[in-house]
Undergrad: 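Structure below; questions to follow.
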Amino acid sequence: MVHDSPDRPTPAPKADSEADSKAASKPRRGSKSDLPQDDLTLDTSDVDPESSAAEEDDEARLPEAPEETAEAVAEGTLSIGHEAIENAVRLAPTSPGVYRMLNATNDVLYVGKAKNVKKRLSSYARANAPLPARILRMIAATTHVEIVSTMTETEALLLEANLIKQLRPRFNVQLRDDKSFPYILISGDHWAPQILKHRGAQSRPGRYFGPFANAGAVNRTITALQRAFLIRSCTDGFFESRTRPCLLYQIKRCAGPCTREIDFPGYSELVREATEFLSGRSHAVKELLAAEMEKASGELEFETAALYRDRLAALSAIQSQQGINPRTVEEADVFAIHQEGGYSCVEVFFFRTGQNWGNRAYFPRAEKTFTPEEVLSSFLAQFYDDKPPPKLILLSHEIEESALLADALSVKAGSKVEVSVPKRGEKKELIGHALTNAREALGRKLADTATQSRLLEGMVTTLGLPHTPKRIEVYDNSHIQGTNAVGAMIVAGPDGFMKNQYRKFNIKSEGLTPGDDYGMMREVLERRFKRLLKPPEGETAKDTAKAKDNDKADDESFPQWPDLVIIDGGRGQLNAVREIFTNLGLTQVSLMAVAKGPERDAGRETLFMPDREAIKLEPRDPVLYFIQRLRDEAHRFVIGSHRKLRKKDIREAGLQEIPGIGPSRKRALLHHFGTLKEIERASIADLGKVPGVSAESARKIFEFFHAQPG
């Protein structure tokens, strides 16, 4: 889907009498050290470690599938539930609305909608009605019901989806999707538009193309588009500071508008062609490039003809990477669901402008008794709660409320949205392809989960844990001589790393001695666990901690309390953390410290646990390898968080913090490189080329920006 943001006045290009080159101009010599901000890749300077980590994991985690039992519910408990629902029926409206069933602690158990709320609730209140065990358990846990009336059933559907995503009731199908989709943006606030990846609010002027299924699909497409249309990807600041073309111009991935290697009309034509291609008119663009290639060849301009040939090849590469590009489907989302072993996988394909812009697998949480149609119906309403729907939605299964869903999405989109289950032709083939992918994705996820489960069970045997851990938290700190100190927590469970649970902690204590790792760890752990230890009135923190530790995991959700805490360090760090836990009243959480081997040799780590001898595992032990992965992931995450914090400090402080660099050298550096970021990226050799900067000064500047965190 293509979006235009509000237009703003576009700055006019600077006058340049020599800027008359063509779109396919010949490259000229330049320094290979002159890289734009993206360094041949997309700019991720504004992406924090949490976001970048999240992008690496395209598939959602596999939820727990609670066992569905047919055992009888206690008559007294079920009767209380029926009574609570009967009380709600007396006051329920006969109009459309949304109802919420709550338990004694006001936790929402279930969110439902109905055209006639009174009639729907009455079906739950009948004592002898033949209901599934799942529904009986829900009724038994219900103590009161809340109702919200709506004007129409369509409004009820939209509100229900919103509440399910917000409240995550245990008896509903849950999408559990917390990632936005990336788009391609061709900016509209500069005379030489930039092409870049974009997430979030579409507030910057320009044309937005998407959604793409994941960041990888966007990155590959942008790289190919740069080769095909030579549009710049550098920032405006980098663009304005150029005095000669960068390396992207030399390798034919940019037309060089910054130094007028191409004139304004020529660059505008390249942008128009790229926009046409992304808007679905790829055939016309390829025909135009082919005609230009033939023309250049006929005029014996073979070098120019070769450039057009390379641009055509880049466009073909985009379409070949996309796999299926349907002939009869211009704009559609394709949904296919596969169930196996009590789990569900929904595979989604995105088709825009007749092109395949990727696919993504989702694993919604749903009990085994839910049919594919029920899961898919609830999934769709939640999926489009915060996303614009396309003109056509193709499904693998007939859902009961397809007409209602189409009406609701049409209201949301402001244009007609069709929901259908194709029976023949190319659309049916797309569904078949999506079903195959859903089946394979679920198979891979089940296999990965089984492997992870074996590793967790191996930890029980090797480390003597009381039970298989469902949640493992790993902590690490990072700083440079005590500055920009940051702590981090990564989380792992039965489905691998839980990146949406990662947290970073900016160390705030003013009384800490620089480099006091124990003090930093104390602050991180106290801030992490004091939130969970806030006791209800009349109850002590230790009572709450004990109760939580004895009942950490909700059977149907990922636990908030860890079963095992791992820290990077030796016996000293372990004893310090043990003392912290004792003071907090955390006696049921298992602790372990991982000390690096001699000369930090991987495979020779020593494991320390309270009141036990040190443990050394064989270098090829799968459990040791798993622990190494956990520790290394924590180290990667905390280093990324520290570097981001340090870069922010450096940019705010400027160059005045570099010892021995006075005002004249600062001016010379900024005049030569243009921006502080380019000074940060420069090598020692490049810094030494600046007038007035000696080899020793160049080394100091480089080391200031590239100091290794501890």
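What you are looking at is a predicted structure, and each value in this text was computed from that prediction instead of being measured.
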Undergrad: Determine, step by step, whether Glu367 and Arg137 satisfy the salt bridge (charged side-chain N to carboxylate O under 4.0 Å, His left out) criterion, reporting the C-alpha distance in whole Å, the side-chain angles of both residues, the deciding distance to 0.1 Å, and the verdict.
TA: CA-CA 12 Å; Glu367 296 202 25; Arg137 286 191 286 117; 2.8 Å; yes

Undergrad: Consider only side-chain N and O atoms of Glu86 and Tyr124, and report whether a donor and an acceptor are under 3.5 Å apart.
TA: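 Short answer, no.
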
Undergrad: Taking the side chain as C-beta and beyond, is there a heavy-atom pair between Leu109 and Pro169 under 4.5 Å?
TA: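 No, side chains not in contact.
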
Undergrad: For the pair Ser402 (side chain) and Glu398 (backbone), establish whether a donor and an acceptor sit closer than 3.5 Å, ignoring hydrogens and angles.
TA: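 Judged by distance alone, no pair lies under 3.5 Å.
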
Undergrad: Measuring only between side-chain heavy atoms, which start at C-beta, is Ser95 closer than 4.5 Å to Val117?
TA: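 Not touching, per the 4.5 Å side-chain cut-off.
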
Undergrad: First locate atom CG of Leu121, then atom CG of Asn87, and finally report the distance between them rounded to the nearest 0.5 Å.
TA: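 Result: 11.5 Å between the selected atoms.
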
Undergrad: Enter the distance from Glu373:CD to Ser396:OG here, rounded to the nearest 0.5 Å.
TA: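 Those atoms lie 8.5 Å apart.
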
Undergrad: Holding to salt bridge (charged side-chain N to carboxylate O under 4.0 Å, His left out), I want the full list of residues that pass it with Asp385, two or more places apart in sequence or in another chain.
TA: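 For Asp385 there are no salt bridge (charged side-chain N to carboxylate O under 4.0 Å, His left out) partners, ignoring immediate neighbours.
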
Undergrad: For the residue pair Arg352 and Phe212, would you count it as a cation-pi contact if the rule is NZ or CZ under 6.0 angstrom from the ring centre and within 45 degrees of the ring axis?
TA: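 Cation-pi check for Arg352 and Phe212: fails.
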
Undergrad: Run the side chain to side chain contact (heavy atoms under 4.5 Å, CB included) check on Val375 and Gln339 step by step: do they pass?
TA: CA-CA 10 Å; Val375 174; Gln339 290 185 327; 3.7 Å; yes

Undergrad: Measure from the side-chain N and O atoms of Glu440 to the backbone N and O of Asn437, and report whether any donor-acceptor pair falls under 3.5 Å.
TA: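 Side chain of Glu440 to backbone of Asn437: no pair is present.
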
Undergrad: Taking all atoms of both residues into account, what is the closest heavy-atom pair of Val417 and Ser410, and its distance?
TA: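 It is N-OG, 2.9 Å.
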
Undergrad: Evaluate side chain to side chain contact (heavy atoms under 4.5 Å, CB included) for Glu401 paired with Glu153, printing each intermediate quantity in order.
TA: CA-CA 11 Å; Glu401 298 177 329; Glu153 193 178 3; 4.3 Å; yes

Undergrad: If only side-chain N and O atoms count, and only distance matters, is there a donor-acceptor pair under 3.5 Å linking Asn103 with His144?
TA: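 Side chains of His144 and Asn103: no pair found under 3.5 Å.
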
Undergrad: Under the side chain to side chain contact (heavy atoms under 4.5 Å, CB included) criterion, do Lys428 and Lys423 qualify, and how do the steps go?
TA: CA-CA 6 Å; Lys428 176 68 173 176; Lys423 303 299 182 185; 5.8 Å; no

Undergrad: Can you confirm whether Val346 sits close enough to Val348 that some side-chain heavy atom of one is under 4.5 Å from a side-chain heavy atom of the other?
TA: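 Result yes, sub-4.5 Å side-chain heavy-atom pair found.
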
Undergrad: Rounded to the nearest 0.5 Å, how far does CZ of Phe171 lie from CD1 of Ile164?
TA: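 Rounded to the nearest 0.5 Å, the CD1-CZ separation comes out at 14.0 Å.
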
Undergrad: I'd like to know if Glu429 and Arg424 make a salt bridge, using a cut-off of under 4.0 Å between side-chain N and carboxylate O.
TA: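 Arg424 and Glu429: not salt-bridged.
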
Undergrad: Is any side-chain heavy atom of Leu394 closer than 4.5 Å to a side-chain heavy atom of Asp333?
TA: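 Leu394 vs Asp333: side chains apart.
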
Undergrad: Can you list the residues that meet the salt bridge (charged side-chain N to carboxylate O under 4.0 Å, His left out) rule with Glu146, with sequence neighbours excluded?
TA: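 Glu146 satisfies salt bridge (charged side-chain N to carboxylate O under 4.0 Å, His left out) with Arg100 once adjacent residues are dropped.
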
Undergrad: Side chains of Gln501 and Arg471: do they bring a donor and an acceptor to under 3.5 Å?
TA: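 Yes - a donor-acceptor pair under 3.5 Å links their side chains.
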
Undergrad: Between the side chains of Arg360 and Glu347, is the shortest nitrogen-to-carboxylate-oxygen separation below 4.0 Å, so that they form an ion pair?
TA: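 No, no charged N to carboxylate O under 4.0 Å.
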
Undergrad: Nearest 0.5 Å, what's the OG1-CG distance between Thr154 and Asp407?
TA: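 Separation between the atoms: 5.0 Å.
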
Undergrad: Ser378: what forms a side-chain hydrogen bond (donor to acceptor under 3.5 Å, both in side chains) with it, not counting sequence neighbours?
TA: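 Counting only residues at least two positions away or on another chain, Ser378 forms a side-chain hydrogen bond (donor to acceptor under 3.5 Å, both in side chains) with Gln382.
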
Undergrad: Are the side chains of Gln588 and Trp561 in touch, meaning some heavy atoms are under 4.5 Å apart?
TA: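 When only atoms from C-beta onward are counted, Trp561 and Gln588 do not touch, as no gap falls below 4.5 Å.
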
Undergrad: Any donor-acceptor pair under 3.5 Å linking the side chain of Asn106 with the backbone of Leu102?
TA: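 No: the side chain of Asn106 does not pair with the backbone of Leu102.
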
Undergrad: Do Ser415 and Lys391 come close enough that some side-chain heavy atom pair is under 4.5 Å?
TA: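 A side-chain contact is absent here, since even the closest heavy-atom pair is not under 4.5 Å.
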
Undergrad: What are the two closest non-hydrogen atoms of Ser420 and Leu392, and how far apart are they?
TA: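 Scanning both residues completely, I find the closest heavy atoms to be OG-CD1, 4.0 Å.
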
Undergrad: Could you tell me whether the side chain of Asp563 and the main chain of Lys470 form a donor-acceptor pair under 3.5 Å?
TA: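 It does hold such a pair.
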
Undergrad: Would you name the heavy atoms of Ala104 and Thr143 that are closest together and state the gap between them?
TA: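 Distance-wise, the nearest heavy atoms are N-OG1, 3.4 Å.
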
Undergrad: Over all heavy atoms of both residues, which pair between Ala215 and Lys197 is shortest? Give the atoms and the distance, please.
TA: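 That would be CB-NZ, 4.0 Å.
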
Undergrad: Would you confirm whether Thr150, through its side chain, and Thr152, through its main-chain N or O, come within 3.5 Å as a donor-acceptor pair?
TA: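 Yes, the answer is positive, given that a donor and an acceptor are paired below the 3.5 Å cut-off.
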
Undergrad: Is a donor on one side and an acceptor on the other found under 3.5 Å between the side chain of Arg527 and the backbone of Phe505?
TA: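 Judged by distance alone, no pair lies under 3.5 Å.
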
Undergrad: With distance as the sole test, does Gln174 use its side chain to make a donor-acceptor pair with the main-chain N or O of Arg365 at under 3.5 Å?
TA: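 No, because the side chain of Gln174 does not come within donor-acceptor range (under 3.5 Å) of the backbone of Arg365.
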
Undergrad: So which atom in Arg90 and which in Lys118 form the shortest heavy-atom distance, rounded to 0.1 Å?
TA: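 Heavy atoms only, the tightest pair is O-NZ, 3.7 Å.
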
Undergrad: May I ask you to test the Leu185-Arg204 pair for a side-chain heavy-atom distance under 4.5 Å?
TA: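 Heavy-atom side-chain distance check passes, below 4.5 Å.
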
Undergrad: Are any of the side-chain heavy atoms of Thr275 and Ile186 separated by less than 4.5 Å?
TA: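 Thr275 vs Ile186: side chains touch.
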
Undergrad: Output the distance between atom CG (Leu167) and atom CG (Asp107), rounded to the nearest 0.5 Å.
TA: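 Spacing of CG (Leu167) from CG (Asp107) equals 10.5 Å.
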
Undergrad: Would Tyr343 and Leu442 count as a side chain to side chain contact (heavy atoms under 4.5 Å, CB included) if you check the C-alpha gap in whole Å, the side-chain angles of each, and the deciding distance to 0.1 Å?
TA: CA-CA 8 Å; Tyr343 298 97; Leu442 183 55; 4.0 Å; yes

Undergrad: Please determine which of Phe209, Trp357, Phe181, Tyr183 meets the ring-ring contact (aromatic ring centres under 6.0 Å, His included) test together with Phe350.
TA: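 Answer to the ring-ring contact (aromatic ring centres under 6.0 Å, His included) test with Phe350 among Phe209, Trp357, Phe181, Tyr183: Phe181.
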
Undergrad: With no hydrogens and no angle check, is any side-chain donor or acceptor of Glu155 less than 3.5 Å from a backbone partner on Met151?
TA: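 Judged by distance alone, yes, a pair lies under 3.5 Å.
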
Undergrad: If you measure from OH on Tyr502 to CZ on Phe637, what distance do you get to the nearest 0.5 Å?
TA: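 Rounded to the nearest 0.5 Å, the OH-CZ separation comes out at 7.5 Å.
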
Undergrad: Looking at every non-hydrogen atom in both residues, tell me the closest pair between Ser344 and Ile337 and how far apart they are.
TA: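 Reported closest heavy-atom pair: CB-CD1, 4.3 Å.
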
Undergrad: Quick one: sort the Phe335 and Phe379 rings into parallel, tilted or perpendicular, breaks at 30° and 60°.
TA: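 Plane angle over 60°, so perpendicular.
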
Undergrad: Show the numbers, then the answer: is there a salt bridge (charged side-chain N to carboxylate O under 4.0 Å, His left out) between Glu473 and Arg528?
TA: CA-CA 11 Å; Glu473 294 182 357; Arg528 157 65 178 140; 2.5 Å; yes

